[in-house]
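Small disclaimer: the values here were computed from a predicted structure and weren't measured.
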Amino acid sequence: KTVYTPEAKGQTVDTLTRFALEKAGITPDQKVNFVYAPAQEIVQLFKEGKINFAALPEPFVALALEGSNGTIVLDYQEYWSEESGAVNGIPIAGLFVKRDFYQENPDTVEDVVQTFSESIRWANEHPEESIEASSQLISIPSNIMLASLQRLKFEYVTASQCKQEVLDFLHTIQNVYPEGIKLIPPDDFFAE
């Protein structure tokens with residue numbers, strides 16, 4: 001079989017697909033081939049019926065499903081939570097600041113963190129309004145963004161609350177793709 005996935009080896013859905021295959025006793029790159037391409041190209045090939053398997057993140061999942069006879073056979077967030085016991089799912093994004101700036105400007109950093117946290121809460125409570133605001137910056141149709149939000153989970157989790165889950169995830173990725181993550185950050189990398 002061949003799985004199409006975005007961009008290059010080592011991104012999240014690629015690594016988790018490889019992890020799941022290995023866990024099932026299937027050797028990636030021997031029994032399953034991977035093809036890397038731009039996500040929009042994969043969506044188009046899938047919708048045209050030219051490929052059978054696509055491992056995609058949102059909103060490309062919603063784009064691929066729109067007007068096609070495709071179906072989701074693996075939700076990566078659910079899969080990872082079940083496999084790892086993670087409460088917060090896959091750590092997809094983070095808010096980073098240089099340590100010296102953080103130490104010299106703690107109030108500014110706290111203001112940014114608070115604003116970031118409040119904006120996520122507001123967006124979750126007002127999905128239609130957040131989609132309308134986002135549509136001015138992102139050229140994805142509103143119906144696709146809304147469909148994506150049905151499967152996405154946005155929440156602000158402090159570094160101290162998710163540190164162990166992030167480290168567990170990074171160790172898993174490192175085991176699957178050691179050349180992609182050569183160094184796991186030390187404990188003091190995470191702000192308390």
Do [X] and [Y] touch side chain to side chain, with heavy atoms closer than 4.5 Å?
X      : Y      : result
Val3   : Val35  : no
Leu56  : Val43  : yes
Ser134 : Met145 : yes

Could you measure the distance from the [atom1] atom of [X] to the [atom2] atom of [Y]? Nearest 0.5 Å is fine.
X      : Y      : atom1 : atom2 : value
Ile90  : Asn88  : CD1   : CG    : 12.0 Å
Ile131 : Leu146 : CD1   : CG    : 4.5 Å
Tyr4   : Ile42  : OH    : CD1   : 8.5 Å
Phe169 : Phe19  : CZ    : CZ    : 10.0 Å
Ser160 : Asp187 : OG    : CG    : 12.0 Å

- Message: On a heavy-atom basis, which atom in Ala191 and which in Ala159 lie closest, and how many Å separate them?
- Response: O-CB, 3.2 Å

- Taking all non-hydrogen atoms of both residues into account, name the closest pair between Pro57 and Val13 and its distance.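 That would be N-CG1, 4.3 Å.
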
Looking only at the side chains, is there a donor atom on one of [X] and [Y] sitting less than 3.5 Å from an acceptor on the other?
X      : Y      : value
Ser119 : Tyr156 : no
Asp14  : Tyr36  : yes
Thr5   : Gln11  : yes
Ser135 : Glu132 : no

- Under a 4.0 Å N-O cut-off, is there an ion pair linking Glu155 with Lys153?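 The answer is yes: the pair qualifies as a salt bridge.
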
- Item | NZ/NE/NH1/NH2 to OD/OE distance under 4.0 Å, Arg18 and Glu22 | no

- Task: Could you walk me through whether Gln40 and Gln44 pass the side-chain hydrogen bond (donor to acceptor under 3.5 Å, both in side chains) test, one step at a time?
- Result: CA-CA 6 Å; Gln40 291 284 19; Gln44 195 58 40; over 6 Å; no

- Message: Set out, in order, the CA-CA distance, both residues' side-chain angles and the distance that settles side-chain hydrogen bond (donor to acceptor under 3.5 Å, both in side chains) for Glu118 and Thr115, then state yes or no.
- Response: CA-CA 5 Å; Glu118 288 173 8; Thr115 301; 5.5 Å; no

- Message: Tell me if the CG atom of Asp188 is crowded by more than 12 foreign heavy atoms within 6.0 Å.
- Response: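 Counting other residues, nucleotides and ligands, CG of Asp188 exceeds 12 neighbours.
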
- Task: Applying side-chain contact (heavy atoms from CB on, under 4.5 Å), run through Thr2 and Ile51 and close with a yes or a no.
- Result: CA-CA 8 Å; Thr2 300; Ile51 63 174; over 6 Å; no

- Query: Do Leu152 and Ile92 sit in the same hydrophobic cluster, where Ile, Leu, Val, Met, Phe, Trp and Tyr count as joined when their side-chain heavy atoms come under 4.5 Å apart?
  - Reply: no

- Does the pair Glu66 and Lys47 meet the rule for a salt bridge (Lys or Arg N to Asp or Glu O under 4.0 Å), with working shown? CA-CA 8 Å; Glu66 182 190 45; Lys47 289 176 93 164; 3.8 Å; yes

- Check whether any side-chain N or O of Asn105 sits under 3.5 Å from a backbone N or O of Thr108 as a donor-acceptor pair, and report yes or no. no

- Would Phe46 and Asn52 satisfy side-chain contact (heavy atoms from CB on, under 4.5 Å), going step by step from the backbone distance to the final call? CA-CA 7 Å; Phe46 185 81; Asn52 293 318; over 6 Å; no

